[in-house]
Every structure is written in structure tokens, then in C-alpha cells.
Amino acid sequence: MARYYDVHPRNPQRRSIGQVVELVRNGGLIAYPTDSCFALGCQLGDKAGIDRIRAIRKLDDRHHFTLVCEDFAQLGQFVVVNNAVFRAIKAATPGKYTFILPATKEVPRRLLHPKKKTVGVRIPEHTVAQALVAELGEPLLSSTLLLPDEQEPLTNGWEIKEQLDHVIDAVVDSGECGVEPTTVVDFSVDEPEIVRYGAGDPSRFE
């Protein structure tokens with residue numbers, strides 16, 4: 001049965017954040033809010049957690065997982081960013097964007113796109129997501145909480161708990177956070193390519 005944490009959206013309780021992060025460090029899979037919608041999250045090197053996300057969402061091995069980072073310095077440890085890309089991403093973060101970039105050796109191979117050797121990264125503008133990543137001290141491996149055959153992600157914490165009670169370990173709820181996933185921009189190709197139009201304004205990358 002998943003634990004339920006009701007967390008203040010602007011001043012998240014440190015005790016609750018600490019308990020959730022301890023759960024993640026011990027192999028837990030959580031549902032947590034971001035600035036676009038709820039996401040599933042586990043520790044970066046947690047193979048079982050990755051497999052659980054794949055099973056819940058019915059994902060194939062070409063799915064780009066996302067490393068949710070605290071800041072740009074942390075993001076730069078896990079992806080290769082040249083000067084032009086640096087400026088473009090820096091101007092759009094924190095925000096409702098996911099960027100696909102070539103991964104560094106810090107990223108476990110099982111997370112990489114099998115052909116491109118790329119991974120998604122983002123820096124959310126959401127107090128609770130930021131608090132979780134800051135407490136964890138490393139990126140939170142994440143995927144949008146969009147269930148198979150559903151058109152929109154789940155937005156209500158109690159609904160998530162009811163539907164996923166026996167397949168995740170905790171729900172972090174700080175109120176509704178939207179139903180639109182991030183805009184995804186692929187910077188691993190010659191010209192930036194928008195591969196999903198979502199909550200972030202795409203015009204700056206078009």
C-alpha cells in the first residue's frame with residue numbers, strides 16, 4: 001500500500017520531504033508533482049524502479065526517461081551541452097521543458113536510448129519537485145504519470161493512490177499541477193527538433 005504525503009505547495013514540510021527521499025534511496029517508486037503534471041520517480045541507478053515504471057506505463061526500450069535536476073550545474077554532469085545549446089536551455093530553465101541530449105558516462109546505460117545514447121533532462125519550476133531533488137542530492141529518474149490508453153495524465157493525488165496503490169510506494173500531493181506534459185526538445189540533432197508540444201512555449205525553439 002502506497003504512503004500518502006500531503007505536502008504544502010510553497011513551504012513543503014522538511015520532515016515529509018526527508019521521509020519521501022529516504023523511501024527513494026531504499027528502492028521506492030513515488031508519484032510526485034511537477035510544474036507540468038504528476039510524474040513517477042525513482043533513484044537514478046535503481047534497475048527495479050526503472051522496470052516498474054516501464055511496467056506501469058507499458059514503455060518500450062526507445063522511451064526517453066528524464067533526469068529531473070535541481071539546477072544547471074547538476075544537469076551538466078549528465079549530458080553533453082555545447083555553448084549554443086547551453087544558452088538556449090539556460091534561457092528556458094527552470095520551466096516546463098524536457099531536453100534530449102547526448103548522455104555522459106554518469107548515466108546508467110539502461111536509461112539511454114539504445115541507438116542515440118541520449119537521455120532527457122529537465123529543471124522544473126515547482127517548489128515540491130525542487131525540494132525532493134535537493135534533498136536527494138542527485139537527479140530523480142522520472143517519467144510522466146500517463147497510464148496506458150489514457151489521453152491525459154492523472155492530476156489528483158488521491159486518485160493516483162487509489163489506482164496505483166499496490167504498484168508504487170508513495171504519493172506526494174501538493175494540489176493539482178496541470179494535465180499537460182512538458183514540451184520536449186531534441187538537441188541531439190543538428191537543428192533543435194520539437195518532438196512533443198506541451199506545457200512549455202515552443203516558439204523559442206522553432
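- The two residues H64 and G120 come nearest to each other via the heavy atoms CD2-N, 4.3 Å.
- Contact detail for A31 and I160: the closest heavy-atom pair is CB-CG2, 3.8 Å.
- Cluster annotation: V128 is not connected to W158 through the hydrophobic network of ILVMFWY side chains, with a link wherever side-chain heavy atoms come within less than 4.5 Å.
- Here the shortest heavy-atom pairing between V171 and G157 reads CG1-O, 3.6 Å.
- T144 is linked by a side chain to side chain contact (heavy atoms under 4.5 Å, CB included) to C37, R57, L146, P153, P181, R196, counting only residues two or more places apart in sequence or in another chain.
- Note: the hydrophobic cluster containing L132 does not contain L29 (ILVMFWY, side chain heavy atoms under 4.5 Å, direct or indirect links).
- In the hydrophobic clustering, V195 connects to I100, V184, either directly or through intervening members, whenever side-chain heavy atoms lie under 4.5 Å apart.
- One hydrophobic cluster holds both V119 and I89 under the rule that ILVMFWY side chains link at heavy-atom gaps under 4.5 Å.
- A search for side chain to side chain contact (heavy atoms under 4.5 Å, CB included) contacts involving N82 returns A84, V85, not counting sequence neighbours.
- How far CG of D6 is from CD of Q13: 7.0 Å, rounded to the nearest 0.5 Å.
- Taking all atoms of both residues into account, the shortest heavy-atom contact from C69 to V133 is C-CG1, 3.8 Å.
- Scored by the side chain to side chain donor-acceptor pair (under 3.5 Å) test, K117 finds no partners at all (sequence neighbours excluded).
- Interatomic distance, OG1 of T183 versus CD1 of I194, reported as 7.0 Å (0.5 Å rounding).
- Within the structure, ring-ring contact (aromatic ring centres under 6.0 Å, His included) contacts touching residues 23-63 (residues at least two apart or in different chains) are H63-F65.
- The closest side-chain heavy-atom distance from L141 to L67 is below 4.5 Å.
- Residues forming a side chain to side chain contact (heavy atoms under 4.5 Å, CB included) with P192 (at least two apart in sequence, or on another chain): V185, F187.
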Validation: residues 70-78 side-chain donor-acceptor distances under 3.5 Å, sequence neighbours left out:
unit_1: D71; atom_1: OD1; unit_2: A73; atom_2: N; d: 3.4
unit_1: D71; atom_1: OD1; unit_2: Q74; atom_2: N; d: 2.9
unit_1: Q74; atom_1: OE1; unit_2: E70; atom_2: N; d: 2.8

Under 3.5 Å, which donor-acceptor pairs do the side chains of residues 15-27 form with other protein atoms, sequence neighbours left out?
unit_1: R25; atom_1: NH2; unit_2: E135; atom_2: O; d: 2.9
unit_1: R25; atom_1: NH2; unit_2: L136; atom_2: O; d: 3.3
unit_1: N26; atom_1: ND2; unit_2: E22; atom_2: O; d: 3.1

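- Residues that satisfy the side chain to side chain contact (heavy atoms under 4.5 Å, CB included) test with D35, not counting sequence neighbours, are K96, R122, P124, E125, H126.
- Rounding to the nearest 0.5 angstrom, the gap separating the CG atom in L59 from the CD1 atom in I50 is 11.5 Å.
- For CD of E150, the number of neighbouring non-hydrogen atoms (other residues, nucleotides, ligands) closer than 6.0 Å is greater than 12.
- In terms of modelled atom types and a separation under 3.5 Å, the side chain of S203 and the main chain of D201 share no donor-acceptor contact.
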Under 3.5 Å donor-acceptor pairs involving side-chain atoms of residues 105-114, not counting sequence neighbours:
unit_1: H113; atom_1: ND1; unit_2: K115; atom_2: N; d: 3.2
unit_1: H113; atom_1: ND1; unit_2: K116; atom_2: N; d: 3.2

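- Residues satisfying the ring pair (Phe, Tyr, Trp, His ring centres under 6.0 Å) criterion with H8, sequence neighbours excluded, are absent altogether.
- Here the closest heavy-atom approach between residue I53 and residue C42 is recorded as CD1-SG, 4.1 Å.
- With a 4.5 Å cut-off on side-chain heavy atoms, T182 and T66 do not count as touching.
- Nearest heavy atoms, A129 versus T34: CB-CA, 4.4 Å.
- For residues 164-176, the pairs satisfying side chain to side chain donor-acceptor pair (under 3.5 Å) are Y4-D173, R52-D169, K161-D165, with sequence neighbours left out.
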* Can you list the steps and then say if I30 with I168 is a side-chain contact (heavy atoms from CB on, under 4.5 Å)? -> CA-CA 6 Å; I30 65 170; I168 64 174; over 6 Å; no
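- Two residues are said to be in side-chain contact when any heavy atoms from C-beta on lie closer than 4.5 Å; V81 and L101 meet this criterion.
- One hydrophobic cluster, built from ILVMFWY side chains closer than 4.5 Å, holds both I123 and V79.
- Following chains of ILVMFWY side-chain contacts shorter than 4.5 Å, one cannot reach V189 starting from F99, and the two form parts of different hydrophobic clusters.
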